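Keep in mind the model is a prediction, meaning the values are calculated, not measured. Within every chain, numbering begins at 1; the chains are lettered A, B, ... in the order of the sequence lines, protein sequences first and strands thereafter. Keep in mind that the numbers below use all heavy atoms, side chains included, and drop hydrogens, waters and symmetry copies.
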Amino acid sequence: MKQRVKSFLQTQYDGDIILEKPKDRSFGHFATPIAFSLAKELRKSPVKIAEEFSVLFAQNNMFSEVSSVKGYINFKLSESFLDEYASWALNNQKEFAKANNQQKILIEFVSANPTGPLHIGHARGAVFGDTLARLGRHLGYDITSEYYINDAGNQIDLLGLSIQLEGQNSILKQTVQWPESFYRGEYISQLANQAVQEFSISILTDISRQRELALWAKDIVMKMIVQTLDDTHVAFDSFVYESALYDAWDDVLEKIHNGVYEKENKIFLASSLKGDDNDRVVVREDGRPTYLAGDIIYHNQKFERGFDHYINIWGADHHGYIARVKAAIEFLGYDSSKLEVLLSQMVSLLKDGEPYKMSKRAGNVILMSDILDEIGSDALRFIFASKKCDTALEFDIEALKKQDSSNPVYYIQYAHARIKTMIRKSGLSSGEILNATLHSLSHDANSLLFEALLLPEIVDDAFHSRQIQKLTDYLRSLAAKLHKFYYDCKILGTSDEAKLLKLLQVVALSLKTGMSLLGIEAKDSMIKDEY
RNA sequence: GCGCCCGUGGCUCAACUGGAUAGAGUAUCGGACUUCGGAUCCGACGGUUAUAGGUUCGAAUCCUAUCGGGCGCACCA
């Protein structure tokens, strides 16, 4: 919609015209501050320029009114234009808010270690990444969502050790010497019990079988992770195993030889030449590659697969890592600006007003699956999608448990259900509704219609600015407008029934499309809780 | 000490990326059902945008400094 208006304006004025939402919609549907930026150039006052332009732009039946106010130029769209667009949307529901971008984009997210179940902090990255992928796909991008599994290194050994120690303690009733750091939690004792069934009791004490145990356990943990993600409707197109990457190490080392050097029997990446603070060790003195080596191979492999753009969603505690990975990409001969790293800030929890510290190794984590059981996937997704990812998020566990109207997801679903209920109750057929013409609408009806037709702009903006909370904000405000309209205006049984239902169909379409992009179910009716 | 992110009503967050009178939700208080679903709606209260300068037609947004908070600063992953 905005695009159509913009392209018309540019036939009249050759230059970039920024269209924005007026502060107050009574001014019009769109506005442009272009007169201000031209004021200097033309040596005229912004007010005068705006007046001249508004006369020029008014010559099109797309607008019912073009006016200049204090230097701003405001546009009011005509009803015939809005009706035409609404009809198109209702007849092409699957196409609504779509676009045809062509680029191939790889989004890597979650990538949690397979050493324990997902906790609440992972939920944020999961929801953010999945929602971004959904938005991108809707806009036509060829999106691949990927999970990088760190199934190599010390942590895997530690997993095996942790299970053995737990088994010795709780099953064999032995007193054990706990090391400084180890994994614990309910899942570890479950794994210990399962291991005894799967293998034999000796698996708990045989140190030579620790690795075998660990490899078996990480697959089970990974299944738990995938299950939780699945319950949240977070899907991945591919999984990459760190352990499978190292075969390619020699080749990659050859490819990157300009960027590495040997010193003190170790191999360093000369990342300080590419903006990092220090050079980084990639191979230790004993010949074992570091974690960074795995990431270098992984990113080489990513770039070899030939995407136009790469998005990594990492926890904020990894920000120091960006420079070295980008340096490696440069040394590999690729354009590191194609890699965009989005940091999702920490999620901190409050419990009864007190900060709730989480430590994975100490076992006092809040599991994502537990929250999911309590509030459901829809509410979980909505809450995490509605916050900008670069601010630290803080919330009280008790507030998340609420299932009443303070939870905005119900508010939006209720709006959708209200519309569907009215259409069921109406005697009109869908054809009669569709064929109605949207004309002589009240001011409120007109602004509701316009708001509903704004979804394409919102989706586009939310994706390209990587700010998915714009979509949740929009849905909440559209739902509020609908509820108010419903309260103020009688619809069924009036002479305007057909056209008003058509209007509400457009609202429902926007709500449903928006919710599905958030991975949330749009309900046709709501079932009240029984008391 | 260095680097990254962030400071907006009591609380959780917006503000179209430099635009018009800084907006929502929540909390608190007060209203609206002979009604298409009250899981709704309306109103009130609540702000020197952490502080001090600067840039310009115009600043919550950009620059500098200060204060406060989070996260990093591994041959762990």
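- The P atoms of B/C45 and B/G23 are separated by 14 Å, rounded to the nearest whole Å.
- Within 4.0 Å (heavy atoms only), A/Lys490 reaches at least one base atom of the nucleic acid.
- Rounded to an integer number of Å, the gap from CG of A/Asp444 to C1' of B/C42 is 14 Å.
- Looking at the side chain of A/Tyr414, the nearest of the listed nucleotides B/U40, B/A20, B/A24 is B/U40.
- Using a 4.0 Å heavy-atom cutoff across all strands shown, A/Ala152 reaches sugar-phosphate atoms only and no base atom.
- The side chain of A/Glu242 approaches B/A77 more closely than any other nucleotide in the set B/A74, B/G72, B/A77.
- The partner of B/U66 is B/A50, judged by Watson-Crick or G-U wobble contacts that both fall below 3.5 Å.
- Across all strands, A/Ser465 comes closer than 4.0 Å to base atoms (heavy-atom distances).
- Under the 90° criterion around 0 for the glycosidic angle, B/U17 counts as syn.
- Of the listed nucleotides (B/A24, B/C42, B/A77), B/A77 has the atom at the smallest distance from the side chain of A/Asn150.
- When Watson-Crick and G-U wobble pairs are counted only if both distances are under 3.5 Å, B/U56 pairs with no nucleotide at all.
- Using a 4.0 Å heavy-atom distance criterion, A/Ser525 is classed as a base contact.
- Residue-level contact check: A/His483 touches the backbone only, with heavy atoms under 4.0 Å from sugar-phosphate atoms and none from bases.
- When both pairing distances are held under 3.5 Å, B/U61 makes no Watson-Crick or G-U pair with any nucleotide shown.
- Distance check on atom P: B/U26 versus B/G43 gives 14 Å, rounded to whole Å.
- Among the atoms of the strands shown, base atoms are found under 4.0 Å from some heavy atom of A/Gln467.
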Could you check A/Asp461 against A/Gln467 for side chain to side chain donor-acceptor pair (under 3.5 Å), going step by step and ending with a plain yes or no? CA-CA 8 Å; A/Asp461 186 23; A/Gln467 295 184 14; over 6 Å; no
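- Residue-to-nucleotide proximity on RNA chain B shows that, of A/Gly153 and A/Leu492, the 5′-proximal contact is made by A/Leu492.
- Annotation: B/U40 and B/G25 have their C1' atoms spaced 15 Å apart (nearest Å).
- At a threshold of 4.0 Å, the pair A/Glu108-A/Lys302 counts as salt-bridged, since one of the basic side-chain nitrogens sits closer than that to a carboxylate oxygen.
- Using P as the reference atom, B/A32 and B/C71 are 49 Å apart when rounded to the nearest Å.
- Ring centroids of A/His29 and A/Phe75 are separated by 6.0 Å or more, keeping the two rings apart.
- B/C71 and B/G3 make up a base pair, with Watson-Crick or G-U wobble contacts both under 3.5 Å.
- Whole-Å rounding puts the A/Gln505 CD to B/C36 P distance at 20 Å.
- Here the nucleotide nearest the side chain of A/Asn154, chosen from B/A39, B/A77, B/C41, is B/A77.
- One atom, NZ of A/Lys387, and another, P of B/A14, lie 7 Å apart when rounded to the nearest Å.
- The side chain of A/Tyr411 places an N or O atom within less than 4.0 Å of a non-bridging phosphate oxygen (OP1 or OP2) of B/C41.
- Counting non-hydrogen atoms under 4.0 angstrom, A/Asn74 reaches a base of the nucleic acid.
- Taking the P atom of each, B/A52 and B/U61 are spaced 13 Å apart, rounded to whole Å.
- Although no hydrogens or angles enter the test, the distance criterion places no donor-acceptor pair under 3.5 Å between the side chain of A/Glu242 and the main chain of A/Gly294.
- Distance check on atom P: B/A15 versus B/C62 gives 13 Å, rounded to whole Å.
- With hydrogens and angles ignored, no donor-acceptor pair under 3.5 angstrom links the side chain of A/His318 to the base of B/G72.
- Going from atom CD of A/Gln155 over to atom P of B/A74 covers 19 Å, rounded to whole Å.
- Rounded to a whole Å, the CD atom of A/Gln469 is 12 Å from the C1' atom of B/C16.
- Side-chain N/O atoms of A/Tyr487 and base N/O atoms of B/A32 include a donor-acceptor pair closer than 3.5 Å.
- Salt-bridge formation is not detected for the pair A/Asp473/A/Lys470: no Lys NZ or Arg NE/NH1/NH2 atom is positioned less than 4.0 Å from an Asp or Glu carboxylate oxygen.
- Rounded to whole Å, the P atom of B/G9 lies 9 Å from the corresponding atom of B/U48.
- Closest to the side chain of A/Leu343, from the set B/G38, B/C42, B/C4, is B/C4.
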Could you go through the side chain to side chain donor-acceptor pair (under 3.5 Å) check for A/Asn278 and A/Ser272 one step at a time? CA-CA 5 Å; A/Asn278 294 299; A/Ser272 62; over 6 Å; no
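- As a whole-Å value, the separation of A/Tyr321 OH from B/A77 P is 9 Å.
- Taking the ring centre of A/Tyr411 as origin, the terminal cationic atom of A/Arg476 falls outside the region bounded by 6.0 Å and 45° from the ring axis.
- Spacing between atom CG of A/Leu482 and atom C1' of B/C36 amounts to 12 Å, rounded to whole angstrom units.
- Which of B/A15, B/G25, B/A14 sits closest to the side chain of A/Asp473 comes down to B/A14.
- Of all nucleotides present, only B/U26 satisfies the Watson-Crick or G-U wobble test against B/G10, with each distance under 3.5 Å.
- Along RNA chain B, the nucleotide closest to A/Thr421 and the one closest to A/Gln345 are compared, and the more 5′ of them pairs with A/Gln345.
- With both ends at atom C1', the span from B/G69 to B/C57 equals 36 Å, rounded to whole Å.
- In this structure, A/Phe109 has its ring center under 6.0 Å from that of A/Phe236.
- Distances shorter than 4.0 Å separate none of the side-chain N or O atoms of A/Arg424 from OP1 or OP2 on B/C36.
- Nucleotide B/A15 holds its P atom 10 Å from the CG atom of A/Asp461, rounded to whole Å.
- Seen from the ring of A/Phe463, A/Arg466 counts as a face-on cation partner, given the 6.0 Å and 45° thresholds.
- Between A/Lys388 and B/A15 there is a side-chain polar atom (N or O) within less than 4.0 angstrom of OP1 or OP2.
- Across all strands shown, B/A32 pairs with B/U40; the Watson-Crick or G-U wobble distances both stay below 3.5 Å.
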